[in-house]
Amino acid sequence: MKSEPSCYSIDDLKREKRGPWDGVRNYQARNFMRDDMQVGDRALFYHSNASDTGVVGEMEVASEAYPDPTQFDRKADHYDPKVTKNNPRWFLVDVSFVQKFPKTVTLHELKNDPFFKNMLLTQKGMRLSVQPVSKKHFEKILRTALS
DNA sequence: GCCAACGTTGGC
DNA sequence: GCCAACGTTGGC
């Protein structure tokens, strides 16, 4: 799950312990949260547009999917004038902090390791902000981060 | 800040 | 339904 650290970082989540992953306005990303995530699933926190772009920590899915409240909020950055309370379009899950890695596993590292060749994240033009990670990739990233 | 790669919108 | 124009993402 990607976020620009200037907007919301792993340190913000560490401080807050738990929070809604709001602001996602892409159908595919929404579908992954709404349809494929379950409470207790692990997720990776990725810093995009950062000085050190890459995976910075681990979190846990802490809620079922529910409508993103910011879509109804006229003053929110991601307000969507086309939705109504009875007909929400955007969904999110809450996430809770698990750990911040002692070192970032950078996008550069992932792209340079053939093991991650087929990972969605490393594909050209891939900018989906919420995307699935295979177990083997997830575990290798954990091992790399903690080694 | 640039810009390539996507995604969305809306005229037709 | 096509596709040009526009908006966004995100690496660099």
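A note on names: the letters A, B, ... follow the listed sequences, proteins ahead of strands, and every chain is numbered from 1.
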Task: Short side-chain donor-acceptor distance under 3.5 Å, A:Q131 and A:Y46 - done: no

Open item on the list: Under a 3.5 Å threshold, yes or no: a donor from one side chain and an acceptor from the other, between A:D68 and A:T70?
Closed with: yes

Open item on the list: Distance check needed: B:dT8 C1' versus A:L128 CG, whole Å only.
Closed with: 15 Å

Task: Interatomic distance where CG belongs to A:D77 and C1' belongs to C:dT8 [whole Å] - done: 14 Å

Open item on the list: Measure NE2/A:H108 against C1'/C:dC12 and give the value in whole Å, please.
Closed with: 12 Å

- [ ] Measure from the side-chain N and O atoms of A:Q123 to the backbone N and O of A:M119, and report whether any donor-acceptor pair falls under 3.5 Å.
- [x] yes

- [ ] Ignoring the backbone of A:S129, work out which of B:dG7, C:dG11, C:dG10 is nearest its side chain.
- [x] C:dG10

- [ ] Scan side-chain atoms only and decide if A:Y8 and A:D22 contain a donor-acceptor pair under the 3.5 Å cut-off.
- [x] no

Open item on the list: So if I take residues 42-50 of chain A and measure heavy-atom distances to DNA chain C, which residues fall below 4.0 Å?
Closed with: A:Y46, A:S48, A:N49

Open item on the list: Taking the nucleotide of DNA chain B with the nearest heavy atom to each, does A:K82 or A:G125 sit closer to the 5' end?
Closed with: A:G125

Open item on the list: So does A:D80 get a backbone contact from the side chain of A:R89, meaning a donor-acceptor N/O pair under 3.5 Å?
Closed with: no

TODO: Specify the separation, in whole Å, of atom CG of A:L121 and atom P of C:dT9.
DONE: 17 Å

Task: Between B:dT8 (C1') and A:Q28 (CD): distance, integer Å - done: 14 Å

Task: A:F116 six-ring centre to A:K111 NZ/CZ under 6.0 Å and within 45° of normal - done: no

Task: A:L107 side chain, from C-beta outward: closest of C:dT9, B:dT8, C:dG11 - done: C:dG11

Task: Quiz item: A:R25 side-chain donor-acceptor pair to C:dT8 base, under 3.5 Å - done: no

TODO: Whole angstrom is fine here: how far is it from CE in A:M126 over to P in B:dG7?
DONE: 8 Å

Task: Atom pair distance, as rounded to whole Å: CD in A:E4 and C1' in B:dG1 - done: 14 Å

Task: Residue-phosphate contact under 4.0 Å: A:K124 side-chain N/O, B:dA5 OP1/OP2 - done: yes

Task: Integer-rounded Å distance: C:dG10 P and A:Q131 CD - done: 9 Å

Open item on the list: Distance to the ring centre below 6.0 angstrom and angle to the axis at most 45 degrees; does that hold for A:K100 and A:F45?
Closed with: no

